[in-house]
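On a predicted model such as this, the values are computed, not experimentally measured, just so you know. For this chain, numbers begin at 1 and follow the sequence in order.
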Amino acid sequence: MLGQATNGKRVSFDNECLILVDEADEVQGHASKVSVHRGDGKLHRAFSIFIFNGADRVLLHQRSKLKPLWPGFWTNSCCSHPREGESYEQSTRRRLQEELGIDVPLTRLYQFEYRARYLDVGTEHELCSVYVGNVSEDWHIEPNNQEIQDWGWFDCNVLDDLIRNKPTRFTPWFRMEWERLRGDQYARVQAICGASPANLHGAHTGAA
């Protein structure tokens with residue numbers, strides 16, 4: 001199932017104050033979003049969220065063409081950064097509501113550091129925490145068209161083949177994260193998302 005984003009509220013700003021950290025996630029200061037992505041990038045906190053429908057289907061979105069980095073690329077369900085003064089819990093909940101119009105319980109799997117450069121435009125240098133959540137497929141989703149061009153539910157086995165055959169259609173952080181979610185983190189994903197998500201339906205803001 002694929003769909004187009006309709007909610008047009010602007011939720012991302014160049015002057016957002018992001019959290020600079022070291023490799024141990026200790027705060028080293030703060031800087032604007034635009035500045036941390038210039039040149040080789042500055043290490044900052046980030047998160048990636050994967051929303052599953054059971055353990056076999058995952059929600060992906062195509063980044064808006066308005067994005068300066070990796071516009072039009074497919075990526076995980078939701079990703080962004082904690083802002084100054086925000087915890088991971090606060091920022092992940094805020095961003096799910098801003099990008100997808102949902103409020104879903106999340107489980108943190110792991111954290112990793114990566115650096116990826118996009119052409120001569122800028123660089124992501126992130127200490128990224130990876131989260132998963134589990135919902136029913138008919139969960140009411142309202143994607144933000146300032147952030148999301150298209151979206152859809154993907155069969156995980158089909159997605160494996162898509163990434164293998166057309167890797168350049170996907171963001172670099174997504175490919176790294178998906179490899180681990182299908183590898184050393186797979187048992188945890190199954191434990192979290194393998195059970196029926198029906199008990200979640202209607203329990204949170206954004207449910208149909």
ILVMFWY cluster, L18 and V121 together (side-chain gap under 4.5 Å): no
Gap separating the CZ atom of R93 from the CD atom of Q97, nearest 0.5 angstrom: 6.0 Å
I141 side chain reached by I102 side chain, heavy atoms, under 4.5 Å: yes
Hphob cluster co-occupancy, Y88 + I19, side-chain heavy atoms under 4.5 angstrom: no
Within 45° cone of F52 ring axis and under 6.0 Å: R57 NZ or CZ: no
Any D160 side-chain heavy atom under 4.5 Å of R182 side chain: yes
Co-membership, hydrophobic cluster, residues L119 and L66, 4.5 Å side-chain: no
Atom pair CG (N76) and CZ (F170), whose distance is rounded to the nearest 0.5 Å: 11.5 Å
Linked, directly or transitively: Y114 and V21 (ILVMFWY side chains, under 4.5 Å): no
Mutual orientation of the aromatic rings belonging to F73 and Y118 [parallel < 30°, tilted 30-60°, perpendicular > 60°]: perpendicular
V132 and L181, any side-chain heavy atoms less than 4.5 Å apart: yes
Pairing of R83 and E86 as salt bridge, 4.0 angstrom limit: no
Atom CD of E113: over 12 foreign heavy atoms under 6.0 Å: yes
From CA spacing to verdict: side-chain contact (heavy atoms from CB on, under 4.5 Å), K67, Q149: CA-CA 10 Å; K67 290 282 192 180; Q149 181 175 327; over 6 Å; no
Contact summary for C156 and A55, nearest pair of heavy atoms: SG-O, 3.8 Å
Exam field: side chain D150 to backbone Q62, donor-acceptor pair closer than 3.5 Å: no
Minimum side-chain heavy-atom gap V36-L43 below 4.5 Å: no
From CZ (R188) to CG (L109), nearest 0.5 Å: 5.0 Å
S91 vs H81 side-chain heavy atoms within contact, under 4.5 Å: no
Note: R63-E147 ion pair, threshold 4.0 Å (strictly below): no
R45 side chain reached by L127 side chain, heavy atoms, under 4.5 Å: no
Co-membership, hydrophobic cluster, residues W178 and Y186, 4.5 Å side-chain: no
Heavy-atom side-chain contact between D40 and R117 under 4.5 Å: yes
Taking every non-hydrogen atom, the tightest pair across Y110 and R180: CD1-NH1, 3.2 Å
Nearest heavy atoms of C17 and H30, plus distance in Å: SG-CB, 3.4 Å
Check: F47 and S80 side chains under 4.5 Å, non-hydrogen atoms: yes
Intermediate values then yes/no, side-chain contact (heavy atoms from CB on, under 4.5 Å), V104 and W139: CA-CA 10 Å; V104 178; W139 192 275; 4.2 Å; yes
Straight-line distance of L59 CG to F50 CZ, nearest 0.5 Å: 11.0 Å
Lys/Arg-Asp/Glu bridge criterion (N-O < 4.0 Å) met for R115, E126: no
side-chain contact (heavy atoms from CB on, under 4.5 Å) assessment of E99 paired with H61: CA-CA 10 Å; E99 287 197 7; H61 81 264; 4.1 Å; yes
Minimal non-hydrogen separation, I51 against I49, with atom names: CD1-CG2, 3.7 Å
Pairing of R175 and E179 as salt bridge, 4.0 angstrom limit: no
Distance (rounded to the nearest 0.5 Å) between M176 CE and T171 OG1: 8.0 Å
Nearest heavy atoms of P143 and I148, plus distance in Å: CB-CD1, 4.0 Å
H125 ring center within less than 6.0 Å of H37 ring center: no
Derivation and outcome, side chain to side chain donor-acceptor pair (under 3.5 Å), residues E177 and S48: CA-CA 9 Å; E177 293 160 358; S48 285; 2.8 Å; yes
Nearest atoms (heavy-atom pairs only) where S32 meets S35: O-OG, 2.8 Å
Derivation and outcome, side-chain contact (heavy atoms from CB on, under 4.5 Å), residues D161 and I163: CA-CA 5 Å; D161 291 336; I163 296 170; over 6 Å; no
Y131 OH to I192 CD1 distance, which is reported to the nearest 0.5 Å: 12.0 Å
Any donor-acceptor N or O pair under 3.5 Å, side chains S129, Q111: yes
Within the 6.0 Å centroid threshold, strictly below: W70 and W173: yes
